[in-house]
Amino acid sequence: MKWKRILKENAQQPAKGSYSDWKEVIAQEGFNQCVYCAIHENAFGGPRNFHVEHYRPRSKFDHLVNVILNLFYACAICNVFKSDHWPGEPCEDHSMICYPDPSQVDYDTLFDVDFDTGLVSGKFVASRYLVEQLHLNRHQLVLERRRFFIYDQIRQKRESLVRLTGELELIGDEKSLKYLGRIVRMIASIDSVKDKIHSIRPYTSDQTR
């Protein structure tokens with residue numbers, strides 16, 4: 001669950017239709033994830049729960065309504081929270097309240113993420129504004145970030161396990177017993193990490209009430 005710069009320099013303005021017709025193109029361009037919170041459509045009900053987002057709002061920039069360079073893929077929640085808010089044009093050092101342009105800036109450089117807690121914090125004035133305005137620490141996102149971190153741990157441990165298996169095959173003597181012991185311990189570690197996934201709950205009973 002990482003932000004990525006949207007490569008608008010590769011975008012081609014469609015010859016026909018309007019922004020609502022270009023959703024699939026914009027989704028693929030945006031890596032099928034929300035440009036603001038980075039949640040993937042697979043973790044949030046699929047494309048039905050995603051919108052074509054007007055970076056510069058339609059209410060203020062009506063001449064950009066159907067300009068592909070102004071269109072991004074966003075989850076319904078972020079899109080609603082952003083609405084037609086537009087504090088002003090972005091600045092290069094992100095020192096003012098604004099929405100940095102996702103086609104010019106890799107949002108991953110704007111935030112610090114604590115994957116143990118799942119909380120995100122902004123490094124700059126602009127990104128702190130994003131966290132507050134778009135509620136980027138809402139429970140669903142916190143849960144997904146923690147899951148992402150756990151899955152990444154599993155992946156790393158599996159890769160180490162594969163490397164150890166290769167070493168074991170090359171040795172083929174009594175030393176292999178030592179490596180077998182290491183593999184058994186790593187498998188136990190992987191199982192322990194997997195168990196953590198099921199211990200994470202998006203809401204407590206008090207919060208649902």
Side-chain angles (χ1 to χ4, degrees), residues 1-87 89-90 94 98-111 113 115 118-120 122 126-127 129-152 154-155 197 202:
M1 189 175 175
K2 295 185 64 171
W3 291 272
K4 302 173 183 178
R5 186 174 75 84
I6 311 303
L7 306 178
K8 283 293 187 181
E9 56 266 32
N10 299 328
Q12 297 292 323
Q13 178 67 37
K16 60 181 181 179
S18 63
Y19 72 90
S20 59
D21 302 312
W22 310 330
K23 185 174 182 179
E24 182 59 30
V25 172
I26 294 167
Q28 292 179 10
E29 175 189 75
F31 308 98
N32 297 93
Q33 66 181 42
C34 178
V35 67
Y36 296 119
C37 71
I39 192 170
H40 195 276
E41 61 182 24
N42 289 349
F44 190 42
R48 187 178 183 87
N49 289 331
F50 279 70
H51 297 166
V52 175
E53 146 71 0
H54 289 81
Y55 168 63
R56 289 179 171 83
R58 288 179 292 173
S59 62
K60 297 177 172 62
F61 300 89
D62 60 351
H63 62 292
L64 298 177
V65 169
N66 292 311
V67 175
I68 196 75
L69 297 180
N70 190 49
L71 304 177
F72 295 87
Y73 200 53
C75 74
I77 296 178
C78 281
N79 196 36
V80 168
F81 281 139
K82 181 173 178 285
S83 186
D84 62 351
H85 297 151
W86 187 254
E89 290 295 318
H94 318 303
C98 65
Y99 291 97
D101 188 339
S103 68
Q104 300 297 320
V105 180
D106 184 345
Y107 269 37
D108 203 48
T109 65
L110 302 179
F111 302 103
V113 181
F115 283 107
L119 297 175
V120 64
S127 48
Y129 172 75
L130 289 178
V131 172
E132 179 180 355
Q133 182 65 36
L134 302 182
H135 300 277
L136 296 185
N137 282 320
R138 55 187 186 265
H139 295 288
Q140 181 189 26
L141 299 179
V142 169
L143 172 65
E144 288 303 321
R145 291 185 197 113
R146 293 179 67 188
R147 282 180 173 168
F148 177 86
F149 180 62
I150 291 173
Y151 285 133
D152 191 56
I154 293 173
R155 179 189 59 78
I197 295 174

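Below, all heavy atoms of this structure are taken into account, side chains as well, without hydrogens, waters or symmetry copies.
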- prompt: So do the side chains of W3 and V113 get within less than 4.5 Å of each other, counting heavy atoms only?
  reply: yes
field: Heavy-atom side-chain proximity of F61 to N70 below 4.5 angstrom
entry: no
Spatial distance of atom CD1 (I68) from atom CD (E29) [nearest 0.5 Å]: 6.0 Å
task: To the nearest 0.5 angstrom, please state how far the CG atom of D101 sits from the CZ atom of R56.
output: 6.0 Å
query: Would you say the side chain of W22 lies within less than 4.5 Å of the side chain of V52, judging by non-hydrogen atoms?
result: no
message: Just by distance, no angles: are the side chains of Q140 and E144 close enough, under 3.5 Å, to form a donor-acceptor pair?
response: no
- prompt: Can you check whether L64 reaches H54 side chain to side chain, under 4.5 Å on heavy atoms?
  reply: no
- prompt: Are L143 and H139 close enough, and set up right, to give a side chain to side chain contact (heavy atoms under 4.5 Å, CB included), and what steps lead you there?
  reply: CA-CA 6 Å; L143 172 65; H139 295 288; over 6 Å; no
message: Pair L136, C78 - check side chain to side chain contact (heavy atoms under 4.5 Å, CB included), show working.
response: CA-CA 8 Å; L136 296 185; C78 281; 4.2 Å; yes
- prompt: Would you say I39 and F50 make side-chain contact, with heavy atoms under 4.5 Å?
  reply: yes
task: Go through V142 and R145 one step at a time and tell me if the side chain to side chain contact (heavy atoms under 4.5 Å, CB included) criterion holds.
output: CA-CA 5 Å; V142 169; R145 291 185 197 113; 4.2 Å; yes
- request: Answer yes or no: are there more than 12 heavy-atom neighbours, outside Q12 itself, under 6.0 Å from its atom CD?
  value: no
message: Taking the side chain as everything from C-beta on, heavy atoms only, tell me whether N49 gets closer than 4.5 Å to E41.
response: no
field: K2 atom NZ: more than 12 heavy-atom contacts under 6.0 Å
entry: no
message: For Y107 and Y36, take the angle between the two ring planes, folded into 0 to 90°, and tell me which bin it lands in: parallel under 30, tilted 30 to 60, perpendicular over 60.
response: tilted
query: Which of parallel (below 30°), tilted (30 to 60°) and perpendicular (above 60°) describes W86 and Y99?
result: parallel
query: Taking atom CG of D106 and atom CD1 of I6, what is their separation to the nearest 0.5 Å?
result: 9.0 Å
- prompt: Taking atom CG of L71 and atom OG of S20, what is their separation to the nearest 0.5 Å?
  reply: 10.0 Å
query: Run the side chain to side chain contact (heavy atoms under 4.5 Å, CB included) check on H40 and F31 step by step: do they pass?
result: CA-CA 8 Å; H40 195 276; F31 308 98; over 6 Å; no
task: Flag the pair P100 / L110 as yes when at least one side-chain heavy-atom distance between them is below 4.5 Å, and no otherwise.
output: yes
- prompt: Heavy atoms, side chains only, cut-off 4.5 Å: are M1 and Q33 in contact?
  reply: no
